[in-house]
Amino acid sequence: MAKQVRVRFAPSPTGGLHLGGVRTVLYNYLFAKQQGGSFIVRIEDTDQSRFVPGAEEYIFDTLEWCGLQPDESSRHGGAYGPYRQSERKESYRSYAEQLIQKGFAYYAFDTAEELDAMRNRLRTAENPSPQYDHTVRGQMRNSLTLPENEVADLLASGTPHVIRIKMPEDETVRFHDLIRGEVSFDTSLVDDKVLLKADGMPTYHLAVVVDDHLMEISHAFRGEEWLPSAPVHVLLWRQLFGEEAMPQWAHLPLILGPNGKLSKRDGAKYGFPVFAMNWKDPKSGEVTEGFRERGFLPEAFINMLAILGWNDGTEQEVFSLDALIAKFSIEKVHKGGAKFDFDKAKWFNHEWIKRLPASGYRDSVHQLFSQQGLEIQDQTYFEKVLDLVKDRCTLLGDFWDQSQFFFKAPKNIDLTPIKAKWNEDKVAFFHSFSKALRSISDWTPASLEQLFKQLAEQSAIKPGEVQLPLRLMLVGGKFGPPVFDIATLLGKEETAARIEAALEEMKDMR
RNA sequence: GCCGCGUUCGUCUAAGGGCUAGGACACCACCCUUUCACGGUGGUGAUACGGGUUCGAAUCCCGUACGCGGUACCA
């Protein structure tokens with residue numbers, strides 16, 4: 001009887017969700033969907049001091065934008081709630097006490113000062129960070145060293161204390177990692193981690209094991225930074241629930257910045273986003289830019305993240321979410337960390353802009369245009385314009401530069417490229433062209449071009465010589481899609497009007 | 001320091017004993033295009049180092065170097 005696949009992602013609400021976090025959700029999500037299992041999001045807010053208001057909402061908003069909706073979460077509810085660890089607080093203590101009874105944990109009454117003193121006393125050049133482990137626990141104030149009645153008194157009088165795991169002295173903990181294979185640790189080198197804090201909240205170590213058990217998690221994927229504490233979790237599983245029921249682990253490689261683990265600072269320093277969406281720290285008021293606001297499509301963002309650390313063994317790089325679900329395999333996730341490359345990220349966005357129909361991002365661009373003070377009246381026209389210019393757009397913001405002239409005549413025309421060769425013949429040509437436009441019956445780029453060339457030849461002008469001027473008249477500069485495509489979309493009246501207006505403005509040139 | 005995990009073009013990666021180590025981004029050149037792009041063709045460019053095992057190693061083993069992570073009553 002196989003356990004149903006149930007994966008979870010457990011962010012801590014201490015700030016924005018960075019690339020590594022979103023990728024962890026993504027891989028969890030892909031795996032769950034592929035296996036027909038469920039995907040739940042649990043909030044790890046056991047550290048009350050670092051809790052940032054609004055961060056939880058931000059996390060769910062991010063997941064929503066990315067299209068990675070959890071089946072169960074503190075936002076949507078479900079069968080395994082509550083999904084906020086602070087609301088599960090009461091259940092953890094009994095597990096910790098159960099461990100003490102079995103001799104796998106103990107009470108520790110050491111104050112912060114006593115811990116500092118121990119560390120200062122033991123600190124040497126060879127041992128810069130002394131641990132609370134089997135070598136020192138015999139000298140500390142805990143239920144291993146204190147007489148039983150004294151421990152009982154301390155407990156009864158409500159003395160602040162924590163519960164620590166009692167690491168075995170000479171064991172090798174082995175476990176299988178879906179990505180790395182067999183991993184092993186010598187327990188005598190692992191410290192006695194705190195399981196339950198003085199405020200009654202569990203640490204991550206206890207909480208993750210208890211919650212994964214209670215929520216019947218079958219697979220636990222998390223960042224590589226958790227690998228060193230994995231032996232603690234494996235031991236806890238053995239002692240509490242039996243190793244057979246333990247989820248399968250997979251430790252995902254880190255996403256690196258230009259130097260080391262990608263940080264918020266890297267984004268500011270090198271000019272690229274590290275969060276999916278804008279994040280405003282409520283305390284400092286500092287805003288960290290997001291990919292969404294930078295002009296990324298969620299499809300591209302997800303695609304780029306998936307590829308940063310995984311591929312299906314072929315040369316395919318562009319995947320939709322559905323394709324990712326179909327092709328993903330946790331075994332093919334890479335072992336080594338990957339350095340984030342913003343150029344490649346932009347390439348993915350460009351690809352998705354080209355591939356998606358304009359309707360896929362029309363609303364986002366519309367919003368951008370509104371911010372520029374431009375309101376779109378005709379949706380059909382709008383989409384046609386977007387489809388025409390999309391090849392030239394890497395970020396959504398590029399649509400403004402590439403297409404604003406479709407909605408309003410250019411204010412300033414840059415005449416320098418044609419100034420030298422401008423003459424009366426050309427003026428006459430454009431007058432006759434704008435007049436001839438009105439009589440054209442087949443309003444297509446091809447017939448427009450034909451008319452243009454015909455007229456040019458009649459005026460003994462090379463069509464190439466007047467093509468750039470026409471572009472300048474219509475859009476204001478040396479940019480944009482093919483001129484006749486522009487004119488076609490602009491319509492007869494507007495095209496003619498822009499030519500006449502430009503001619504008027506160019507009167508005193510020459 | 002100790003522990004752990006890694007290491008193929010500048011970057012992301014393919015090739016899990018066997019053709020001239022393949023692709024993508026970036027860069028360069030040419031073609032297409034009388035704008036800018038898209039597109040097309042080609043180019044520069046990598047198996048960290050040293051030992052083994054083998055007829056044969058990027059691939060397996062050992063060592064070294066380097067990188068990253070962890071070493072909290074943070075997650």
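Convention: sequence-line order gives letters A, B, ...; per-chain numbering from 1. From a predicted model like this one, the values you see are computed outputs, not experimental measurements.
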- request: Decide yes or no on salt bridge (charged side-chain N to carboxylate O under 4.0 Å, His left out) for K384(A) and D387(A), but give the supporting numbers first.
  value: CA-CA 5 Å; K384(A) 277 185 190 164; D387(A) 274 325; over 6 Å; no
task: Indicate, with a heavy-atom threshold strictly under 4.0 Å, whether H251(A) touches base, sugar-phosphate, or nothing.
output: nothing
The nucleotide from C5(B), G1(B), G39(B) with an atom nearest the side chain of L227(A) is C5(B)
Regarding the side chain of D191(A), the nearest nucleotide among C73(B), C38(B), A72(B) is A72(B)
Taking a pair to mean Watson-Crick or G-U wobble geometry with both distances below 3.5 Å, G39(B) pairs with C31(B)
- Query: Looking only at atom P, what distance separates A65(B) and A57(B), rounded to whole Å?
  - Reply: 26 Å
| Sub-3.5 Å donor-acceptor pair from the side chain of K197(A) to the main-chain atoms of T46(A), do we have one? | yes
D341(A) atom CG is separated from U13(B) atom C1', nearest whole Å, by 12 Å
**Prompt:** Which part of the nucleic acid, if any, lies within reach of I307(A) when heavy atoms closer than 4.0 Å are counted: base, sugar-phosphate only, or nothing?
**Reply:** sugar-phosphate
- Give K390(A) one of three labels, base, sugar-phosphate or nothing, depending on what nucleic acid heavy atoms sit under 4.0 Å from its own. nothing
Atom NZ of K335(A) and atom P of G4(B) are separated, to the nearest Å, by 17 Å
Inset, instruction - Taking atom types as modelled, find out whether D45(A) and S86(A) have a side-chain donor-acceptor pair closer than 3.5 angstrom. - result: yes
Residues 108-133 of chain A vs ring-ring contact (aromatic ring centres under 6.0 Å, His included), sequence neighbours excluded, gives F109(A)-H161(A)
Between CE of M167(A) and P of U71(B) the distance, given in whole Å, is 14 Å
Does A75(B) have OP1 or OP2 under 4.0 Å away from a side-chain N or O of R50(A)? no
Can you see if the side chain of N311(A) gets near the phosphate of A14(B) - specifically, an N or O under 4.0 Å from OP1 or OP2? yes
With the side chain defined as heavy atoms from C-beta on, F479(A) is closest, among A75(B), U35(B), C38(B), to U35(B)
Which part of the nucleic acid, if any, lies within contact of P482(A), taking any heavy atom under 4.0 Å across all strands shown: a base, the sugar-phosphate backbone alone, or nothing? base
Regarding the side chain of E315(A), the nearest nucleotide among C5(B), G23(B), U35(B) is G23(B)
Q.
Quiz question: going by heavy-atom distance under 3.5 Å, is there a donor-acceptor pair between the base of C5(B) and the side chain of R180(A)?
A. no
Winner on side-chain proximity to L115(A), out of G22(B), C5(B), C73(B), is C73(B)
**Request:** Quote, to the nearest angstrom, the P distance that separates C19(B) from U59(B).
**Result:** 13 Å
Any strand, both distances under 3.5 Å, Watson-Crick or G-U wobble: U54(B) pairs with none
Pairing partner of G67(B), by Watson-Crick or G-U wobble and under 3.5 Å for both distances, is C5(B)
Quick note, L189(A) side chain, CB onward, closest among A72(B), C2(B), A75(B) is C2(B)
### Task
Describe the nucleic acid contact of A338(A) in one word from base, sugar-phosphate, nothing, applying a heavy-atom distance below 4.0 Å.
sugar-phosphate
(request) Determine the contact category for G336(A): base if any of its heavy atoms lies under 4.0 Å from a base atom, sugar-phosphate if only primed atoms, P, OP1 or OP2 are that close, otherwise nothing. (result) sugar-phosphate
Under 4.0 Å between any heavy atoms, over every strand shown, what does V162(A) touch: base, sugar-phosphate, or nothing? Just pick one. base
Check: Just to confirm, is there a sub-4.0 Å distance from OP1 or OP2 of A75(B) to any side-chain nitrogen or oxygen of H205(A)?
Finding: no
*Report yes if a donor N or O on one partner sits less than 3.5 Å from an acceptor N or O on the other, where the partners are the side chain of R392(A) and the base of C36(B); otherwise report no.*
yes
Mind checking P417(A) for me? I need base, sugar-phosphate or nothing, with any heavy atom below 4.0 Å counting as a touch. nothing
Exam field: side chain N120(A) to backbone D116(A), donor-acceptor pair closer than 3.5 Å: yes
Side chain to side chain donor-acceptor pair (under 3.5 Å) with D177(A): of H251(A), Q248(A), K335(A), only one passes, and it is H251(A)
Practice problem: Give N127(A) one of three labels, base, sugar-phosphate or nothing, depending on what nucleic acid heavy atoms sit under 4.0 Å from its own. | Solution: base
Between S403(A) (side chain only) and F399(A) (backbone N and O only), is there a donor and an acceptor less than 3.5 Å apart?
yes
Checking N1-N3 plus N6-O4 or O6-N4 for Watson-Crick, or N1-O2 and O6-N3 for wobble, each under 3.5 Å, the partner of C19(B) is none
Quick note, W347(A) side chain, CB onward, closest among A72(B), C25(B), A75(B) is C25(B)
message = Can you check the distance between C3(B) and C27(B), where both ends of the measurement are the C1' atom (answer in whole Å)?
response = 42 Å
**OP:** With heavy atoms under 4.0 Å as the rule, sort F185(A) into base, sugar-phosphate or nothing.
**Re:** sugar-phosphate
Between NZ of K346(A) and P of C25(B) the distance, given in whole Å, is 14 Å
Re A75(B): Watson-Crick or G-U wobble partner, both distances kept under 3.5 Å, found to be none
- Which part of the nucleic acid, if any, lies within reach of G223(A) when heavy atoms closer than 4.0 Å are counted: base, sugar-phosphate only, or nothing? nothing
Judged by whether its glycosidic angle lies within 90° of 0, C38(B) is syn
- [ ] List the steps and the verdict of salt bridge (charged side-chain N to carboxylate O under 4.0 Å, His left out) for K344(A) and E317(A).
- [x] CA-CA 11 Å; K344(A) 184 91 182 210; E317(A) 290 192 289; 2.9 Å; yes
Next on the checklist: Regarding V475(A), tell me which of base, sugar-phosphate or nothing describes its non-hydrogen contacts under 4.0 Å with the strands shown.
Outcome noted: nothing
Note: for E44(A) and E224(A) on RNA chain B, the residue whose nearest nucleotide lies more 5' is E224(A)
| message | Between R174(A) and E182(A), does the salt bridge (charged side-chain N to carboxylate O under 4.0 Å, His left out) criterion hold? Intermediate values first, please. | response | CA-CA 7 Å; R174(A) 286 175 217 286; E182(A) 203 79 349; 5.2 Å; no
Taken to the nearest whole Å, CG/L472(A) to C1'/U34(B) is 13 Å
Taken to the nearest whole Å, CG/D177(A) to P/G4(B) is 15 Å
Inset, instruction - Examine the base of A24(B) for any acceptor or donor lying under 3.5 Å from a partner atom in the side chain of K344(A), and report the outcome as yes or no. - result: yes
Scanning all shown strands, the Watson-Crick or wobble mate of U47(B) with both distances under 3.5 Å is none
Here the distance between atom P of A37(B) and atom NZ of K478(A), to the nearest Å, is 10 Å
- Message: Check this one for me: any side-chain N or O of T46(A) less than 4.0 Å away from OP1 or OP2 of A75(B)?
- Response: yes
Review point. Base, sugar-phosphate, or nothing for S229(A), non-hydrogen atoms under 4.0 angstrom?
Key: nothing
5'-most contact on RNA chain B (nearest-nucleotide basis), K339(A) vs W226(A), goes to K339(A)
query: Between F272(A) and F340(A), does a ring-ring contact (aromatic ring centres under 6.0 Å, His included) hold up when you go through it step by step?
result: CA-CA 10 Å; F272(A) 54 75; F340(A) 173 66; 5.0 Å; yes
Atom CG of D192(A) and atom P of C73(B) are separated, to the nearest Å, by 11 Å
If the cut-off is 4.0 Å, is K261(A) near the phosphate of G70(B), judged by side-chain N/O to OP1 or OP2?
yes
